[in-house]
Asks: 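Take a look at this one; I'll ask things after.
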Amino acid sequence: MSNATPGTDPLASNPLTRAVLEIDEYASGLGWDQPARLFALVDTARLRAEEPGLASQLGLDEGGEETASLTPIEQDELPSGAPLDEFLATIAWPDAVTGCALTVERQMLPPSAEGSVPKGLDDTELAKWVAEHPDRQEVRMTVAVLRDGTRESALRLREKDSPTEVLTGAGLVPGLAEALTATFATD
């Protein structure tokens with residue numbers, strides 16, 4: 001993944017927002033129907049100082065953006081078949097990791113359809129019902145958190161797949177943000 005910062009969008013002045021948009025742009029370049037992808041977020045200056053070989057491999061040679069930037073580093077492929085929440089519960093990050101991010105595709109319904117969801121469906125039945133609903137939309141969610149609890153998210157609808165149609169905000173996917181924050185819990 002390159003370390004290109006998306007445009008000069010004033011909304012992306014926050015390093016975490018820039019990292020989320022960079023990951024969203026990377027995932028967008030891979031196309032749809034992709035598996036979930038997990039990223040470690042590391043302080044770019046620290047990476048250059050402590051791991052110059054890796055920094056060079058990632059295209060982060062000296063002279064790049066210096067102030068408060070985060071570098072996303074994609075992790076190994078997530079295990080197929082394991083529920084995402086169970087997999088995330090097994091993660092423990094080393095101290096050098098400042099934050100983490102996940103990008104995942106899901107189907108969702110507009111709020112107007114929530115009242116028509118049949119009662120008593122298990123997870124499998126609910127997923128099937130949503131997949132068959134005429135108003136369903138495919139969405140790619142990119143959620144990132146820092147050790148201190150700071151959060152950011154980006155949502156991209158498949159039907160509006162454009163860099164100008166990405167919704168960002170800290171509270172867009174609270175459940176996933178909480179699961180990612182728990183990967184930094186110390187017992």
Side-chain angles (χ1 to χ4, degrees), residues 1-48 51 54-55 57-60 64-80 84-85 87-88 91 93-94 96-108 137-184:
M1 182 168 140
S2 73
N3 191 37
T5 302
T8 55
D9 185 346
L11 296 175
S13 60
N14 174 311
L16 189 58
T17 303
R18 283 195 308 269
V20 163
L21 290 173
E22 180 180 342
I23 293 167
D24 173 74
E25 184 178 321
Y26 169 72
S28 178
L30 298 172
W32 286 87
D33 304 317
Q34 296 291 315
R37 296 177 187 281
L38 181 66
F39 299 82
L41 299 176
V42 297
D43 178 270
T44 304
R46 182 175 175 184
L47 178 65
R48 284 186 187 125
E51 298 285 343
L54 178 57
Q57 187 180 5
L58 293 171
L60 301 172
E65 184 179 336
E66 279 299 321
T67 56
S69 70
L70 297 168
T71 297
I73 300 175
E74 187 170 1
Q75 304 301 290
D76 291 335
E77 189 172 312
L78 279 62
S80 61
L84 189 57
D85 57 342
F87 170 72
L88 290 176
I91 295 175
W93 296 102
V97 175
T98 304
C100 65
L102 183 83
T103 183
V104 63
E105 296 175 14
R106 293 290 186 254
Q107 292 187 2
M108 63 179 234
Q137 295 183 5
E138 291 178 72
V139 63
R140 180 181 303 115
M141 302 176 285
T142 303
V143 180
V145 300
L146 298 179
R147 282 186 184 273
D148 68 6
T150 305
R151 303 170 174 192
E152 187 61 76
S153 305
L155 296 179
R156 183 187 292 245
L157 294 175
R158 189 171 190 157
E159 70 179 32
K160 294 183 177 184
D161 193 359
S162 160
T164 61
E165 296 286 339
V166 176
L167 179 63
T168 60
L172 296 177
V173 191
L176 186 51
E178 289 168 20
L180 289 171
T181 300
T183 66
F184 292 104

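Keep in mind that this is a model prediction, so the values were computed, not measured.
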Asks: Over all heavy atoms of both residues, which pair between Ala96 and Val42 is shortest? Give the atoms and the distance, please.
Replies: O-CG1, 3.7 Å
Asks: Minimum heavy-atom separation for Pro94 to Arg147, with atom names?
Replies: O-NH2, 2.6 Å
Asks: In Å, rounded to the nearest 0.5 Å, how long is the span from OG1 of Thr181 to CZ of Arg151?
Replies: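 Between atom OG1 of Thr181 and atom CZ of Arg151 there are 4.5 Å.
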Asks: Apply side chain to side chain donor-acceptor pair (under 3.5 Å) to Ser153 and list each qualifying residue two or more places apart in sequence or on a separate chain.
Replies: none
Asks: Can you label the angle between the Phe39 ring and the Tyr26 ring as parallel, tilted or perpendicular, going by 30° and 60°?
Replies: perpendicular
Asks: Which residues pass the salt bridge (Lys or Arg N to Asp or Glu O under 4.0 Å) test with Asp85, sequence neighbours left out?
Replies: none
Asks: How far does CZ of Arg140 sit from CG of Asp161, to the nearest 0.5 angstrom?
Replies: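 Answer rounded to 0.5 Å: 6.0 Å.
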Asks: Val145 and Thr183: side chain to side chain contact (heavy atoms under 4.5 Å, CB included), yes or no, with the steps?
Replies: CA-CA 10 Å; Val145 300; Thr183 66; 5.5 Å; no
Asks: With sequence neighbours left out, write down each residue that passes side chain to side chain donor-acceptor pair (under 3.5 Å) with Ser28, or none if nothing qualifies.
Replies: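 Partners of Ser28 by the side chain to side chain donor-acceptor pair (under 3.5 Å) criterion, ordered by chain and then number, come out as Arg156.
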Asks: Checking the side chain of Ser69 only, and the main-chain atoms of Thr44 only, is there a donor and an acceptor separated by less than 3.5 Å?
Replies: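 Here the side-chain-to-backbone pair does not exist.
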Asks: Any donor-acceptor pair under 3.5 Å linking the side chain of Glu152 with the backbone of Val143?
Replies: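 Side chain of Glu152 to backbone of Val143: no pair is present.
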Asks: Would you name the heavy atoms of Cys100 and Phe184 that are closest together and state the gap between them?
Replies: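 Closest approach of Cys100 to Phe184, heavy atoms only: SG-CE1, 3.6 Å.
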Asks: Check side chain to side chain donor-acceptor pair (under 3.5 Å) between Thr98 and all other residues, then give those that pass, not counting sequence neighbours.
Replies: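 Partners of Thr98 under the side chain to side chain donor-acceptor pair (under 3.5 Å) test: none.
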Asks: With rounding to the nearest 0.5 Å, note down the distance linking CZ in Arg18 to OG1 in Thr71.
Replies: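 Atom-to-atom, Arg18:CZ and Thr71:OG1 are 10.5 Å apart.
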Asks: Side-chain contact test, heavy atoms from C-beta onward, threshold under 4.5 Å: evaluate it for Val104 versus Leu176 and give yes or no.
Replies: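 The answer is yes; the side chains approach within 4.5 Å.
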Asks: Can you list the residues that meet the salt bridge (Lys or Arg N to Asp or Glu O under 4.0 Å) rule with Arg106, with sequence neighbours excluded?
Replies: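 Partners of Arg106 by the salt bridge (Lys or Arg N to Asp or Glu O under 4.0 Å) criterion come out as none, since no residue qualifies.
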Asks: Roughly how far apart are Leu38 CG and Ile91 CD1, rounded to 0.5 Å?
Replies: 4.5 Å
Asks: If the test is side chain to side chain contact (heavy atoms under 4.5 Å, CB included), which one of Val20, Val97, Ile23 qualifies with Leu41?
Replies: Ile23
Asks: Output the distance between atom CG (Leu78) and atom CG (Leu88), rounded to the nearest 0.5 Å.
Replies: 7.0 Å
Asks: Quick test of your reading: applying salt bridge (Lys or Arg N to Asp or Glu O under 4.0 Å), list the pairs with at least one residue in residues 29-40, sequence neighbours left out, ordered by first then second residue.
Replies: Asp33-Arg158, Arg37-Glu74
Asks: Quick one: pull up CG in Leu102 and CG in Leu180 and give me the separation to the nearest 0.5 Å.
Replies: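 One finds 5.5 Å between CG of Leu102 and CG of Leu180.
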Asks: How close do Gln75 and Ile73 get, counting heavy atoms only, and between which atoms?
Replies: NE2-O, 2.8 Å
Asks: I want to check something: taking the side chain as every heavy atom from C-beta on, are Leu70 and Leu146 in contact at a cut-off of under 4.5 Å?
Replies: yes
